Amino acid sequence: MNVCTSSKSTPNDALIEEINLLRRKKNAVILAHYYQRGELQDVADYVGDSLALAQWAAKTDADVIVMCGVHFMGETAKILCPDKKVLVPDMEAGCSLADSCRADEFARFVEAHPGYTVISYVNTSAAVKAYTDVVVTSTNARQIVESFPKDEKIIFGPDRNLGNYINSITGREMLLWNGACHVHEQFSVAKIMELKKQYPDADVLAHPECKAVLLKLADKVGSTAALLKHAVKSDKKRFIVATESGILHEMQKQCPDKEFIPAPPEDSTCACNECNYMRLNTLEKLRDCLRDETPEIIVDKNIAEKAIRPIQRMLDISNLLSL
Ligand code: 13P
Ligand code: SF4
């Protein structure tokens, strides 16, 4: 007897149905970053890079925002929407880059450099944003830095790789905080060179959080959204992707006829590089957080009042530049 499997429900189907019921009942919007597990990206209302997530949060009329991403993304949404409930599926989903910049140390660094404009990457805590003049993401960092006069004295934190990259393409000499992302620093240049030899027709796509030596090998350097756009528009059929491997899900979805090869990390037998924080979120935890309305992001009122200004400034500049 033939069994038709197409209508058979899987464990995920039941979970997704629960998530759909809960999101309607609670008027919730589910936002997901490109580094999330594929099944979370598929169930989300919107999937995007960190700039898009902030932009969607700022304009949603939902009562509840569920941020499938990491803690700083939830904080940014909460700061932009103080009257909404902002939930994250797993409160432990932090960020090594944000952790590489403690607010008290950053405050001392800023105080030691009077007269400097402070530009912070969005991958920072709300407390660090409170010491910041303008926030950037990897999508708008270049344009925002270039919106300041050439001789503007700038502190850029916390990512030394993104800061170095922006310095190299703009000719600026921003003073850099010495932080980094443990995922993007891990890519093996030697293994990528091997892959390039094996697939000479492939473009190398790299996120600017990677080390300078890797960025020099890349055909395209950009944010997750920019790398995706490049893959969609390119005539090339094959890509070596040096960023968190979750982005391959959307790349493959938008380009079913193209091949995406994840760039491997240095000291692992695994062929791809995953962010252990991003991967903490699961469909089950998403269902639980919608049902129980916890864990909820709470931002100290005094910090939020200061941090909203540089975030809003970023959104306003991005809007003006149509980013
Ligand atoms: P983008 O989504 O802005 O490219 O940032 C990548 C990242 O590391 C998010 O944690
Ligand atoms: Fe942070 Fe790196 Fe993970 Fe992005 S990939 S959330 S920068 S640790």
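Being a predicted model, the structure only gives us computed values, none of them experimental.
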Engineer: With distance as the sole criterion, is a donor-acceptor pair present between the side chains of T170 and E146 under 3.5 Å?
Structural biologist: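 No, E146 and T170 have no side-chain donor paired with an acceptor closer than 3.5 Å.
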Engineer: Could you check whether atom CD of Q198 has more than 12 heavy atoms from other residues, nucleotides or ligands sitting under 6.0 Å from it?
Structural biologist: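 Above 12, so yes.
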Engineer: Please tell me if the side chains of N167 and L176 come closer than 4.5 Å, counting only heavy atoms from C-beta onward.
Structural biologist: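 Yes, side chains in contact.
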Engineer: Check the hydrophobic clustering (I, L, V, M, F, W, Y; side-chain heavy atoms under 4.5 Å; chains of links allowed) and say if M67 and W56 are grouped together.
Structural biologist: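 Yes; tracing contacts between hydrophobic side chains, which count when under 4.5 Å, links both residues.
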Engineer: Answer yes if the side chains of H207 and T243 hold a donor-acceptor pair under 3.5 Å, and no otherwise.
Structural biologist: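 No pair is found: no donor N or O on one side chain lies under 3.5 Å from an acceptor on the other.
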Engineer: With no hydrogens and no angle check, is any side-chain donor or acceptor of S188 less than 3.5 Å from a backbone partner on K191?
Structural biologist: yes
Engineer: Would you please say whether a donor-acceptor pair under 3.5 Å links the side chains of H184 and D159?
Structural biologist: no
Engineer: I'd like to know if the side chain of W177 and the backbone of S100 have a donor-acceptor N/O pair within less than 3.5 Å.
Structural biologist: yes
Engineer: Tell me whether the centres of the aromatic rings in F239 and F260 are closer together than 6.0 Å.
Structural biologist: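 Yes.
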Engineer: Is it true that T117 and D133 share a donor-acceptor pair across their side chains at a distance under 3.5 Å?
Structural biologist: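 Checked: D133/T117 side chains show no N/O donor-acceptor pair below 3.5 Å.
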Engineer: Can you confirm whether more than 12 heavy atoms, excluding those of D61, are under 6.0 Å from its CG atom?
Structural biologist: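 Counting neighbours around CG of D61, 12 or fewer heavy atoms of other residues, nucleotides or ligands fall under 6.0 Å, so no.
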Engineer: Would you say Q254 and E250 are linked by a side-chain donor-acceptor pair, where the criterion is simply a distance under 3.5 Å?
Structural biologist: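 The answer is yes; a qualifying pair exists.
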Engineer: Heavy atoms, side chains only, cut-off 4.5 Å: are K211 and E185 in contact?
Structural biologist: yes
Engineer: If the threshold is 4.0 Å, N to carboxylate O, is there a salt bridge linking K129 and E75?
Structural biologist: no
Engineer: Check the pair E284 / R287 against salt bridge (Lys or Arg N to Asp or Glu O under 4.0 Å), numbers first and verdict last.
Structural biologist: CA-CA 5 Å; E284 284 84 357; R287 185 267 322 270; over 6 Å; no
Engineer: Mind listing the closest non-hydrogen atom pair of A130 and K306 along with its distance?
Structural biologist: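 Scanning both residues, the minimum pair turns out to be CB-CB, 3.7 Å.
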Engineer: Can you find a heavy atom in the side chain of Q41 that is under 4.5 Å from one in the side chain of Y34?
Structural biologist: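 Heavy-atom side-chain distance check passes, below 4.5 Å.
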Engineer: If I compare all heavy atoms of V118 with all of T132, which pair ends up nearest, and what's the gap?
Structural biologist: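 Shortest heavy-atom contact: O-CG2, 3.5 Å.
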Engineer: Using a distance-only test with no angle check, is there a side-chain donor-acceptor pair under 3.5 angstrom linking E209 and Y121?
Structural biologist: yes
Engineer: Would the distance check show the side chain of E244 and the main-chain N or O of C275 forming a donor-acceptor pair, the cut-off being under 3.5 Å?
Structural biologist: yes
Engineer: For D42 and H249, which I'm curious about, is there any donor-acceptor pair between the side chains at under 3.5 Å?
Structural biologist: yes
Engineer: Any side-chain heavy-atom pair from Y199 and I261 closer than 4.5 angstrom?
Structural biologist: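 Yes, close enough: below the 4.5 Å cut-off.
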Engineer: Would you please name every residue forming a salt bridge (charged side-chain N to carboxylate O under 4.0 Å, His left out) with K236, sequence neighbours left out?
Structural biologist: D203
Engineer: T60: which residues meet the side chain to side chain contact (heavy atoms under 4.5 Å, CB included) condition with it, sequence neighbours left out?
Structural biologist: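 Side chain to side chain contact (heavy atoms under 4.5 Å, CB included) list for T60, sorted by chain: V29, A62, I65, K84.
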Engineer: Show your reasoning for whether side-chain contact (heavy atoms from CB on, under 4.5 Å) applies to F148 and V134.
Structural biologist: CA-CA 11 Å; F148 288 94; V134 58; 3.9 Å; yes
Engineer: Give a yes or no on whether the backbone of S234 and the side-chain of K258 come within a donor-acceptor separation of less than 3.5 Å.
Structural biologist: yes
Engineer: For R309, does the CZ atom sit with more than 12 other heavy atoms under 6.0 Å from it, leaving out its own atoms?
Structural biologist: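 No - once you tally the heavy atoms of other residues, nucleotides and ligands closer than 6.0 Å, there are 12 at most.
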Engineer: Is the shortest distance from a Lys or Arg side-chain nitrogen in D316 or R313 to a carboxylate oxygen in the other one below 4.0 Å?
Structural biologist: no
Engineer: Can you confirm whether D235 is buried at CG, in the sense that more than 12 heavy atoms of other residues, nucleotides or ligands lie under 6.0 Å from that atom?
Structural biologist: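 Result for CG/D235: open.
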Engineer: Decide, yes or no, whether a salt bridge links E293 with K85 under the criterion of side-chain N to carboxylate O below 4.0 Å.
Structural biologist: yes
Engineer: Report yes or no: do L215 and V189 belong to one cluster of Ile/Leu/Val/Met/Phe/Trp/Tyr joined by side chain heavy-atom distances under 4.5 Å?
Structural biologist: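 In one cluster with L215: V189, no.
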Engineer: With heavy-atom distances below 4.5 Å as the criterion, would you say the side chains of L217 and I192 are in contact?
Structural biologist: yes
Engineer: Is there a path of hydrophobic side-chain contacts, each under 4.5 Å between heavy atoms of I, L, V, M, F, W or Y residues, that connects L175 with Y165?
Structural biologist: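 The answer is no; the residues belong to distinct hydrophobic clusters.
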Engineer: In the structure I gave you, are the side-chain heavy atoms of Y35 and T224 within less than 4.5 Å of one another anywhere?
Structural biologist: yes
Engineer: According to a hydrophobic-cluster definition based on side-chain heavy atoms being under 4.5 Å apart (Ile, Leu, Val, Met, Phe, Trp, Tyr only), do L22 and V88 belong together?
Structural biologist: no
Engineer: Taking atom types as modelled, is there a side-chain donor on D49 or T139 under 3.5 Å from an acceptor on the other?
Structural biologist: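 Side-chain D/A pair, D49 to T139: present.
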Engineer: Shortest non-hydrogen contact from G179 to L97?
Structural biologist: C-CD1, 4.0 Å
Engineer: Got a sec: does the OH of Y46 have more than 12 other heavy atoms crowding it under 6.0 Å?
Structural biologist: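 Count not over threshold, so no.
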Engineer: Is a side-chain donor or acceptor of E274 paired with a backbone partner of N276 at a separation under 3.5 angstrom?
Structural biologist: no
Engineer: At their closest point, which heavy atom of V122 faces which heavy atom of F72, and how far apart are they?
Structural biologist: O-CD1, 3.1 Å
Engineer: I'd like to check V128 versus P158 (side-chain heavy atoms, cut-off strictly below 4.5 Å). Are they in contact?
Structural biologist: no
Engineer: Tell me, yes or no, whether the heavy-atom count around K216 atom NZ, taken from other residues, nucleotides or ligands under 6.0 Å, exceeds 12.
Structural biologist: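 Count not over threshold, so no.
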Engineer: Taking atom types as modelled, find out whether S223 and S138 have a side-chain donor-acceptor pair closer than 3.5 angstrom.
Structural biologist: no
Engineer: Strictly distance-based, threshold 3.5 Å: is any side-chain N or O of N164 a donor or acceptor partner for the main-chain N or O of R160?
Structural biologist: yes
Engineer: Kindly give the heavy-atom pair with the smallest separation between L80 and A58, and that separation in Å.
Structural biologist: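 Nearest heavy atoms, L80 then A58: CD1-CB, 4.2 Å.
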Engineer: Within the structure provided, determine whether L323 and Q143 are in side-chain contact (heavy-atom separation under 4.5 Å).
Structural biologist: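 In short, these two side chains touch, coming nearer than 4.5 Å.
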Engineer: Could you go through R291 and D288, starting from their C-alpha distance and side-chain angles, then the distance that decides it, and tell me whether this counts as salt bridge (Lys or Arg N to Asp or Glu O under 4.0 Å)?
Structural biologist: CA-CA 5 Å; R291 184 192 58 209; D288 293 351; 3.3 Å; yes
Engineer: Show the nearest heavy-atom pair for residues I30 and C68, with the distance to one decimal.
Structural biologist: CG2-SG, 3.9 Å
Engineer: Look at the side chain of D90 and the backbone N and O of E92, then say whether any donor-acceptor pair between them is shorter than 3.5 Å.
Structural biologist: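 At least one qualifying donor-acceptor pair exists.
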Engineer: Would I169 end up clustered with I119 when hydrophobic side chains under 4.5 Å apart are linked, directly or stepwise?
Structural biologist: yes
